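Because the structure is predicted, anything quoted here is derived from the model rather than measured.
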Amino acid sequence: VRIDIARVKDLGAETRQFSATISATQTEEALQKFLEKIQRAPSLIVVESMHVQQRPPTLQMTLLTYARVSDPSGGAAK
């Protein structure tokens, strides 16, 4: 898993884009369960890209979400 955090200038100083790239060996059942978990997530998660290969059984997926972040002292992020 590789996680990246980036500022999105059009969405304000407090908003960050979080992306996770997941590479793994997969089975059809595990992939189905993972996609169901994404669907049930309490926040918006976008599957930006997904590549599934049968031989060898591998998966590469990039997920995106957005969140507001703040200073631990209660102030806005800089």
Side-chain angles (χ1 to χ4, degrees):
V1 175
R2 187 186 84 221
I3 298 175
D4 296 301
I5 302 170
R7 287 185 180 196
V8 182
K9 75 177 183 180
D10 294 337
L11 296 179
E14 295 179 1
T15 303
R16 300 291 184 275
Q17 177 188 55
F18 294 82
S19 64
T21 301
I22 301 163
S23 300
T25 302
Q26 60 86 23
T27 65
E28 185 176 340
E29 182 181 344
L31 176 59
Q32 183 66 33
K33 285 181 181 180
F34 184 61
L35 292 173
E36 288 171 1
K37 285 182 180 183
I38 291 171
Q39 184 178 13
R40 290 190 311 264
S43 59
L44 175 67
I45 297 177
V46 177
V47 176
E48 182 181 56
S49 65
M50 182 170 77
H51 178 77
V52 179
Q53 185 174 297
Q54 287 185 327
R55 294 191 205 277
T58 57
L59 162 72
Q60 183 164 350
M61 180 183 294
T62 300
L63 305 170
L64 296 177
T65 193
Y66 297 86
R68 286 208 164 113
V69 295
S70 63
D71 184 322
S73 66
K78 305 245 187 259

CD-OG1 distance between Glu48 and Thr21, expressed to the nearest 0.5 angstrom:
8.0 Å
Going by distance alone, is a donor N or O of one side chain under 3.5 Å from an acceptor N or O of the other, for Glu36 and Gln32?
yes
Under 4.5 Å between side-chain heavy atoms, hopping through other hydrophobics if needed: is there a path connecting Val1 to Leu35?
yes
Tell me whether Val52 is reachable from Val47 by hopping between hydrophobic residues (I, L, V, M, F, W, Y) whose side-chain heavy atoms are closer than 4.5 Å.
yes
Hydrophobic clustering (ILVMFWY, side-chain heavy atoms < 4.5 Å, transitive) - are Val8 and Val46 grouped together?
no
Out of curiosity, Met61 CE to Leu31 CG, how far, rounded to the nearest 0.5 Å?
6.0 Å
Gln39, CD: over 12 other non-hydrogen atoms inside 6.0 angstrom
no
Flag the pair Arg7 / Arg16 as yes when at least one side-chain heavy-atom distance between them is below 4.5 Å, and no otherwise.
yes
d(Ile22 CD1, Ile3 CD1) to nearest 0.5 Å is 8.5 Å
Measure the spacing between OG of Ser23 and CG of Leu59 and express it to the nearest 0.5 Å.
7.5 Å
Indicate yes or no: at least one non-hydrogen side-chain atom of Leu64 is less than 4.5 angstrom from one of Ile45.
no
Let me confirm one number: the CD-CD distance from Gln26 to Gln54, rounded to the nearest 0.5 Å.
8.5 Å
How many angstroms lie between OG1 in Thr65 and CD in Gln17, if you round to the nearest 0.5 Å?
9.0 Å
